[in-house]
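Okay, so here's the structure we're looking at.
Any value given below was found using the heavy atoms of this structure, including those in side chains, with hydrogens, waters and symmetry copies removed.
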Amino acid sequence: MRLEPGANDAVDVRAALSRLRRASGLPVAFGGLLAGTGRYRINELAGTETTVLRGLDILQGNGLGGKAVALSRPLAVTDYSVSPVISHEYDTAVAAEGLRSVLAVPVIVRRRVRGVLYGALRRPVRLGDRPLSAAVEAARELEQALVLQDEAARLLSLTRQPTAADPAMWEEVREAHGELRVLAQRVTDPLLRQEMLAACGRLAAASSRRPGAGEAGPALSPRERDVLACVASGATNAVVAERLGLGPETVKSYLRSCMRKLGAHTRLQAVVAARRAGALP
């Protein structure tokens with residue numbers, strides 16, 4: 001599990017803040033992720049007039065966000081500086097930005113708080129259900145993005161492990177390759193997607209260096225590799241279509257193209273030929 005937020009996480013937090021502002025109607029949003037035990041750092045701002053909140057460390061239990069983290073539930077105050085239900089360690093920064101009504105929503109992944117999102121107004125108004133619901137929805141979407149990031153990191157770590165001739169090891173490598181290709185299609189950050197597909201290429205290249213591997217065959221398109229990787233895991237055409245967001249007929253078309261390029265007559269023959277050619281691990 002990663003503790004320090006990275007570049008890909010920042011992209012997802014910015015996207016969540018944009019959704020929060022758009023759906024809630026709140027002009028200001030900010031937030032950040034876990035930066036150490038019980039500490040959350042505000043690194044992303046949207047709609048602010050100053051940078052005073054950037055880099056602010058929120059400790060669990062302190063202020064509105066820290067209390068939301070400690071209770072693992074959304075909270076809101078009508079006038080931050082005079083609210084009797086929160087502590088006031090961050091009043092100076094909040095006042096410098098001119099914020100009054102503020103809400104905070106924890107970001108929870110696998111029962112662990114990984115971050116906190118805020119929405120705010122510069123006047124004291126009781127925040128109703130609409131902005132709170134919008135903030136919660138933005139947090140849920142960020143949670144899903146972080147789950148994808150975690151899974152991508154896990155699969156990428158497998159690609160960096162030394163490969164072996166052991167068949168059981170190669171089955172694990174093949175499984176990771178297939179999952180990584182499918183997951184890459186769901187990742188919105190282009191740099192992470194590129195890294196994931198590059199790792200897939202390294203796995204496939206490693207297979208061509210194994211004893212008994214054949215010479216390089218015809219080039220397959222990225223989508224053809226995606227389809228074959230799913231087929232290699234035992235997926236039916238319907239499951240392949242669902243995983244990759246394609247129509248069943250489109251999957252069949254890709255398979256026919258793969259078989260034609262590889263000189264195969266069945267799905268299984270196509271997978272075997274692709275492995276021999278180094279297109280799949």
Side-chain angles (χ1 to χ4, degrees), residues 8 11-12 144-145 147-281:
N8 298 313
V11 170
D12 291 325
Q144 292 302 310
V147 168
L148 286 179
Q149 298 276 10
D150 289 348
E151 182 64 8
R154 183 186 71 82
L155 292 171
L156 284 170
S157 71
L158 291 177
T159 71
R160 298 185 181 107
Q161 294 177 2
T163 55
D166 178 22
M169 172 65 79
W170 273 101
E171 284 307 311
E172 184 176 356
V173 168
R174 287 167 175 167
E175 183 178 349
H177 174 271
E179 292 179 13
L180 202 55
R181 289 204 73 94
V182 171
L183 191 61
Q185 308 308 317
R186 298 169 57 194
V187 171
T188 57
D189 182 77
L191 294 179
L192 178 59
R193 188 187 307 115
Q194 182 179 5
E195 182 182 358
M196 293 167 70
L197 292 177
C200 289
R202 291 196 299 273
L203 289 177
S207 72
S208 66
R209 295 192 292 270
R210 286 183 298 151
E215 296 181 358
L220 299 178
S221 72
R223 262 311 193 204
E224 289 169 346
R225 291 172 187 256
D226 292 341
V227 168
L228 273 187
C230 289
V231 169
S233 71
T236 64
N237 285 3
V239 172
V240 174
E242 182 179 357
R243 286 181 184 176
L244 298 178
L246 300 173
E249 291 302 317
T250 303
V251 170
K252 291 179 182 179
S253 176
Y254 280 127
L255 275 175
R256 285 194 296 268
S257 177
C258 289
M259 289 188 286
R260 183 177 65 255
K261 290 181 178 180
L262 295 166
H265 300 288
T266 67
R267 292 154 48 98
L268 178 58
Q269 287 179 358
V271 169
V272 171
R275 285 173 175 167
R276 287 176 177 169
L280 294 178

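- E224 and C258 get closest at one heavy-atom pair: CB-SG, 3.4 Å.
- Between A232 and V271 the shortest heavy-atom distance is CB-CG1, 3.8 Å.
- Considering only residues two or more places apart in sequence or on other chains, R223 meets the salt bridge (Lys or Arg N to Asp or Glu O under 4.0 Å) condition with D226.
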Cut-off 3.5 Å, no hydrogens considered: what does the side-chain donor-acceptor table look like for residues 233-250, sequence neighbours left out?
from, atom 1, to, atom 2, distance (Å)
S233, OG, C230, O, 2.6
S233, OG, R243, NH1, 3.1
T236, OG1, V239, N, 3.3
N237, OD1, R267, NH1, 2.4

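- Under the side chain to side chain contact (heavy atoms under 4.5 Å, CB included) criterion, A264 pairs with M259, Q269, A270, not counting sequence neighbours.
- Of all heavy-atom pairs spanning R181 and A229, the tightest one is CD-CB, 4.1 Å.
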